[in-house]
2 protein chains.
Amino acid sequence: MAGKDHVGGRKAVTLTEVARLAGVSVATASKALNGRSQVAARTRARVLQAAEQLSFVPNTLAQGLLVGRTGTVGLLTSDLQGRFVIPILMGAEDAFGAGRVNVFLCDARGDTIREQHQLKALLSRRVDGLIVVGSRTDSRPSVGHDLPVPVVYVYAPSDDPEDLSLVPDNVAAGRLAVEHLISCGRSRIAHVTGDPSYAAAQDRVTGALAALDAAGLELVGEVMYSEWSERWGRDATAVLLERYPDIDAVLCGSDQIARGALDTARDQGRKVPGDIAVIGFDNWDEMVTNSRPELTSIDPNLQLLGRSAAQRVFAALDGEEMGKGVHTQAPRLVIRGSTVARR
Amino acid sequence: MAGKDHVGGRKAVTLTEVARLAGVSVATASKALNGRSQVAARTRARVLQAAEQLSFVPNTLAQGLLVGRTGTVGLLTSDLQGRFVIPILMGAEDAFGAGRVNVFLCDARGDTIREQHQLKALLSRRVDGLIVVGSRTDSRPSVGHDLPVPVVYVYAPSDDPEDLSLVPDNVAAGRLAVEHLISCGRSRIAHVTGDPSYAAAQDRVTGALAALDAAGLELVGEVMYSEWSERWGRDATAVLLERYPDIDAVLCGSDQIARGALDTARDQGRKVPGDIAVIGFDNWDEMVTNSRPELTSIDPNLQLLGRSAAQRVFAALDGEEMGKGVHTQAPRLVIRGSTVARR
DNA sequence: CACGAAACAGAAAAGGGTTTCGGTCTTTTC
DNA sequence: GAAAAGACCGAAACCCTTTTCTGTTTCGTG
């Protein structure tokens, strides 16, 4: 008997066994366990005790077969590795966890074939909904328009305007950053950012330039594009300080670049934030709290984004209209020592 | 018809509908789709075409109901946030993805009640196996001994020796680090590490001391414990350099601490690796490649750990003996510029 | 005591797929 | 020409749970 299902374990208990032990029919057992009213108190107690004794757990799959809902959602990501996916995932898992929904996690590793495969697997599991999470804010191909379940795209929007996409508002983020720098009394602001092929980079530039324009200011020099690394932050800032020694703020396209900027400023004896203010994007905890000084950053509120996605799927399940188009999530400014001196 | 299931979608297609379209019984349709031999070639073609036309996807749940297997595995983590869980998760998801197993992801947020809840949910979903991932290498309470499915603990071992646990070998890691420093000609080695309540910290110390002992050396000063942060790395290294100016290597308990050490060394004009070698643990990509110089580190091979866990569950499903006790995963030394000068 | 009304228990169907078994139709062989 | 063999298809059972509907018992009341 042992070792039949697996070593040391027993097969899962079914309602039939509970009913037999309690000496009732499965129908009665079901009603007793689900609090239906057509069961005598004594009978109910007997059933409950039997269920307890066998540590019975109802088979959600069989339940789902009846109801037509599985209470599961597929979360299809293209890049788990990436920092941005995790907070989104947590937000979604959190929102779902509250109701009794479980999440299937699939990582396509950025491979389209693989993604199709995973998609099919999820549909065959009859997920009630689908959340597609990308690793860049650039638009991505839709997974299809006439799927039997609602789909929400997060972080990376779908290229099909009929789909619903939830993305961080990087234009607002750029604007917010510059407004903060200006409010700190800065006026000679330079911008070092990452890979120009990223929509995130372009959007932040757009927002930053708009905010500068609104204040009657201009960016110092050209936007410096390259890669999202500390190294580039260091190198670019070195060039910047040589070419424009009088800048009083560096707007950095990511927290990593910002850390590089802080390092170079420090190396060259420029005080932060006294001589130069530095601000980053992403509010990546480890980067932001370990630098000297701690880094002011724009938080894209990714966890909220994940939660919203989950709520949208919930709503769609309840028959609500799904909505479409790209919706943005407002960012949040987190002020630390790199722009405002600590008393 | 539209908007019945959800906006813009259609209900999932069942085998019955395919059979009707093909003009055969469900039995025949099933056999045709599954390559059974008792179907005429022409009939089979008709069924396949019908399935194609309706884009039929078989209901894995219904299949699982028959077979008694769902082809799903629960992955129960206590802390998704943590850096260590993700690589493990990826390794497992990867290994499972190859076979047709899908992963339910649950995050208990470090809450025991919540964990029990999730566990019950997973069992009610009839997962075929369970992987429990912790965020520290300290042992954790077993989720129970007589569950109807095989369970593997990863990173954080179970406190029940009857359970199977897979953990990184931190003793070996400590040893490996010191051996590397010695092989680089270092002999005056100090150790700055994190929170002493972490088994990881203690184990690495054990390994390090053993390696020193084997080489006839002694640690310079006491082990310096505090927290796993860059700040502590900086402060501790400053103290160290003042108290023992002649040290030629700092063994750091994490990559973060090591980055702090690098910063302080740089501030004080000590050349790395010329004057002082620095080595960290975890091989955390962003930390390790962005420092000046790049950081030598011990990689705990977490992805392999996740993969092993998946394979163990697979094996158990195939009726193999589960095994028990704590098994360790050998670490890997990754040499970079902080211990060996780049030509 | 008899009748109606509750109260309670159980049989059966449903949900989607697979499999077994039995039946029909065609083909081969003597 | 008849019997045996094979090829092919379909009815029905099964997995597990819920729900509806029917049947039985008990109780209260006239």
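Just so we're on the same page: letters track the sequence lines, and every chain starts at 1. Here the structure is a predicted model, which means the values were calculated and not measured.
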Rounded to the nearest angstrom, tell me the gap between atom [atom1] in [X] and atom [atom2] in [N].
{"X": "B/Gln38", "N": "D/dG10", "atom1": "CD", "atom2": "P", "answer": "13 Å"}
{"X": "B/Arg126", "N": "D/dC16", "atom1": "CZ", "atom2": "C1'", "answer": "9 Å"}
{"X": "A/Leu15", "N": "C/dA11", "atom1": "CG", "atom2": "C1'", "answer": "15 Å"}
{"X": "B/Arg20", "N": "D/dC9", "atom1": "CZ", "atom2": "P", "answer": "19 Å"}
{"X": "B/Arg44", "N": "D/dA7", "atom1": "CZ", "atom2": "C1'", "answer": "13 Å"}
{"X": "A/Glu17", "N": "D/dT17", "atom1": "CD", "atom2": "C1'", "answer": "14 Å"}
{"X": "A/Arg46", "N": "C/dC8", "atom1": "CZ", "atom2": "C1'", "answer": "12 Å"}
{"X": "A/Leu33", "N": "D/dT19", "atom1": "CG", "atom2": "P", "answer": "12 Å"}

Below the 4.0 Å mark, does [N] have OP1 or OP2 next to a side-chain nitrogen or oxygen of [X]?
{"X": "A/Thr14", "N": "D/dC16", "value": "no"}
{"X": "A/Gln63", "N": "D/dT17", "value": "no"}
{"X": "A/Asn59", "N": "D/dC15", "value": "no"}
{"X": "B/Arg36", "N": "C/dT19", "value": "yes"}
{"X": "A/Thr28", "N": "C/dA9", "value": "no"}

Base, sugar-phosphate, or nothing: which does B/Val67 touch, judged by heavy atoms less than 4.0 Å apart?
nothing

Closest to the 5' end of DNA chain D, once B/Leu65 and B/Val24 are matched to their nearest nucleotides, is B/Val24

For residues B/Ser142 and B/Tyr153, is any side-chain donor paired with an opposing acceptor at under 3.5 Å?
yes

Give a yes-or-no answer on whether the side chains of A/Asn102 and A/Thr72 include a donor-acceptor pair shorter than 3.5 Å.
no

Salt-bridge present (A/Glu115, A/Arg140; N to O < 4.0 Å):
yes

Would you mind telling me which of [options] lies closest to the side-chain atoms of [X]?
{"X": "A/Ala40", "options": "C/dG16, C/dA9, D/dC9", "value": "C/dA9"}
{"X": "B/Asn34", "options": "C/dT18, D/dT17, C/dG10", "value": "C/dT18"}
{"X": "A/Thr43", "options": "D/dC15, C/dA9, D/dC9", "value": "C/dA9"}
{"X": "B/Phe56", "options": "C/dT18, D/dT18, C/dG17", "value": "C/dG17"}

What about B/Lys31, does its side chain sit under 3.5 Å from the base of C/dG17 through a donor-acceptor pair?
no

Okay, side chain of A/Arg46, backbone of A/Ala22: is any donor-acceptor separation there less than 3.5 Å?
yes

Sub-3.5 Å donor-acceptor pair from the side chain of B/Arg44 to the main-chain atoms of B/Ala32, do we have one?
yes

Of A/Ala27 and B/Ala62, the one whose closest DNA chain C nucleotide lies more 5':
A/Ala27

For salt bridge (charged side-chain N to carboxylate O under 4.0 Å, His left out), just list the numbers for B/Asp94 and A/Arg109, CA-CA rounded to whole Å, side-chain angles, deciding distance to a tenth of an Å, and then say yes or no.
CA-CA 9 Å; B/Asp94 205 37; A/Arg109 300 269 191 291; 3.2 Å; yes

